[in-house]
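What follows is a single structure, written as structure tokens, with notes after it.
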Number of protein chains: 2
Amino acid sequence: MPNPPTIKEIAQRLNLATSTVSRALHNHPRIGLKTRMQVQALAKELQYEPNQTAIFFQQKKTFTLGIILPELSEAFFSAAISGIEDTANQHNYMVLLGQSHDDTEREKKIVEIMKNHRVDGLLVSLAKNTVQYAHFDMLRKYNIPVVFFDRIPDMKDIHYVACNMESGTVQAVSLLLQQGHRVIGMINGPEKLIASRQRTTGYRKAMQQQRLKYDATLNVHADLSREGTRQAMQQLLSHKRKVTAIVAFNDYVSQDAVQYALEQGLQINRDICFVSYANLPLSSYMAFPPLASVEQYPYQQGQKATEILLALLADKLSPEDYQQVIIDSRLVIAPGR
Amino acid sequence: MPNPPTIKEIAQRLNLATSTVSRALHNHPRIGLKTRMQVQALAKELQYEPNQTAIFFQQKKTFTLGIILPELSEAFFSAAISGIEDTANQHNYMVLLGQSHDDTEREKKIVEIMKNHRVDGLLVSLAKNTVQYAHFDMLRKYNIPVVFFDRIPDMKDIHYVACNMESGTVQAVSLLLQQGHRVIGMINGPEKLIASRQRTTGYRKAMQQQRLKYDATLNVHADLSREGTRQAMQQLLSHKRKVTAIVAFNDYVSQDAVQYALEQGLQINRDICFVSYANLPLSSYMAFPPLASVEQYPYQQGQKATEILLALLADKLSPEDYQQVIIDSRLVIAPGR
DNA sequence: TTGTAGGCGTTATCAT
DNA sequence: ATGATAACGCCTACAA
């Protein structure tokens, strides 16, 4: 099994210089028609394929985008990566994958490996606990642009695409108010998360719009674990005002909350209603799907983030011209399959 | 912004030869202790990192595995890829991703691109309609080993990991028989799929074990679309014998079938029971989860396939020593979350 | 113990 | 219109 044919081999067989062959293969304008034909014919015959690793090396470019995200098996992220992959492929880029498993140390290691692999750019959704960003800042030195998406760092001077939960939350709470609910509980996430704060703001704004007063004790911060959700539910159900509707942080939380409510003998959609945020494409499969769900557009986020990164790489965008795209979340009622 | 430091630069500063520096960095035994220290100290100071693209080029190896699969957003595949990624990373390999979207042409194109990117090996789960495998055979010429998983080609002399549906099907049907069901319908997949044939065999064997006769008219082949499933249900529900249990091809099919049954006024788990195959990690969220579900171990399939590929790459396995691993599916009752 | 030199495949620069 | 040559960064015989 002979080595794959190279430009040099073609050159020798045709008594040409390698440079000529290279140019002929690239349809360089000032190469004689017949030599060009000869070269291309022989190339086809030998099934010549340029050695990309050589080109990567020589051009200092790999046409590869690194993607770092917490968990591929979460539906949200696998949808996002679909958007990334599709967009990247349209531009002849490949996609190098890494999961942080929500572990900052692993995230750092992956950044390191990807840097060494000389990815042209990076798309990142942060691990849950990442609060320092030195391992990303470091990439500036290597001229590797980074675009964050969804789980973005709390800092300026970065590119990112994220979904604003506020708009969807306003719509969700408004829907509940419109249906006559007055005491609406919210099972929110950790306070330091931007996404939690957006939910809080959305909740407050929806109340203000109806000239109702916002009751902070109805907005419970939990840690998204099943146990945390149950505690939050306990707190809400024992509130001095009777809670008739609940906005849950996401579909997982929603399910845990529903389960708790059932255990307490409540009847879903009669004693208590739920609205949630769509992390799952499968809410139509749930036993008690939420009344409505706030869509976060994972595919589109991935798509948009990739477009920004590619623009950066194509120098169509200056690195300092920080793109901060915010997609508005939107309430979707009775999400179908 | 200066270029990243190179071995040559370190050599110049220390008045050494590049080869010495290279060896010092690799802890080559016969390099003087003090020069080694010097070199490593300076390397650290300059934050030297070897240029992997140069190494890839020089070593004709990229430490990258290509993965081609139909749809990342299907839970089954995203679980599989998790297994792949984790295993690859443990061995310091990276993972290059490509989705065929169940389109053979796209699959071919991705194979081409990955070959050009000089991936060291390929993990593939076939697009639904792929029936010719020339684009994979071609890789032998380039010495790029391929391990197939789950959706494997119907040919000899390949490496693969797959899940045998037969065992799980036997268990599923046996469970239903044990619960007293005698007329069991099966909504099977396209006849040409290996996985469909395995289900048929499993069904038949389970019946034989109880000395019951297998009725082929209860085994309906559908196309997995919602409409196809509804037609299959219609056929089964109008069977001359009264069908009291159904084995559905997968959880999606199961849900569509449940929905149809509900529309026909049947009560789930009283008039009719369902057993299914777990494509979703979320059956616990379903309105009417199947009684039991056949687990297909996607993570383990990915893991095992990767291990085989890595063994091949490490020459611990001869390319002609075709590994054909079959993981037995297994019935899981009342799958929890 | 260290240095020299060549090569991996391609493109780019400068000649001719 | 084509050729010669250097360069990319690293490794590894082979020499000294």
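Nothing here was measured: the structure is a model prediction, and the numbers come from that model. Quick note on labels: first sequence line is chain A, next is B, and so on, each numbered from 1.
Taking only side-chain atoms of B:Thr6, from C-beta outward, the nucleotide of D:dC10, C:dT11, D:dT12 with the closest atom is D:dC10. Nearest nucleotide to the side chain of A:Thr18, out of D:dC8, D:dT5, C:dT2: D:dT5.
Phosphate contact (OP1/OP2 of C:dG9, side-chain N/O of B:Lys60, threshold under 4.0 Å): present. Regarding contacts with the backbone of D:dC10, every side-chain N or O of B:Ser22 stays at 4.0 angstrom or more from both OP1 and OP2. Close to C:dG7, at under 4.0 Å from its OP1 or OP2, lies no side-chain N or O of A:Lys8. Contact check, B:Thr35 against C:dT2: a side-chain N or O comes under 4.0 Å of OP1 or OP2.
What separates CD of B:Gln58 from P of C:dG7 is a distance of 13 Å, to the nearest Å. What separates CD of B:Gln38 from P of C:dT1 is a distance of 15 Å, to the nearest Å. Whole-Å rounding puts the B:Arg30 CZ to D:dC14 P distance at 12 Å. One interatomic measurement links the two molecules: CZ of B:Arg23 to P of D:dA15, which rounds to 14 Å at whole-angstrom precision. One interatomic measurement links the two molecules: CD1 of A:Ile7 to P of D:dA4, which rounds to 15 Å at whole-angstrom precision. A:Ile31 has its CD1 atom 10 Å from the C1' atom of D:dG3, to the nearest Å. Protein atom CZ of A:Phe56 is 18 Å distant from nucleotide atom C1' of D:dC10, rounded to whole Å. Counting to the nearest Å, the P atom of C:dT10 and the CD atom of A:Gln52 are 9 Å from each other.
Stacking between B:Phe57 and D:dC10 is absent: the ring centroid is not both under 5.5 Å from the six-membered base ring centre and under 30° in plane angle.
No contact: B:Thr53 has no heavy atom under 4.0 Å from any strand. Backbone-only engagement by B:Tyr48 is indicated by non-hydrogen atom pairs under 4.0 Å involving sugar-phosphate atoms exclusively. Note on A:Ser19: a base of the nucleic acid sits closer than 4.0 angstrom, heavy atoms only.
Using a 4.5 Å heavy-atom cutoff, the side chains of A:Phe136 and A:Val111 are in contact.
Note that A:Lys44 lies outside the cation-pi zone of A:Tyr48, set by a 6.0 Å cut-off to the ring centre and a 45° limit from the axis. Under a cutoff of 6.0 Å and an axis angle of 45°, A:Lys61 and A:Phe63 form a cation-pi pair.
When each of A:Val21 and B:Ala54 is assigned the nucleotide of DNA chain D with its nearest heavy atom, A:Val21 is the one assigned upstream, toward the 5' end.
Side-chain atoms of A:Arg151 do not come within 3.5 Å of backbone N or O of A:Ser125 as any donor-acceptor pair.
Atom NE2 of B:His117 is separated from atom CD1 of A:Ile55 by 10.0 Å, given to the nearest 0.5 angstrom.
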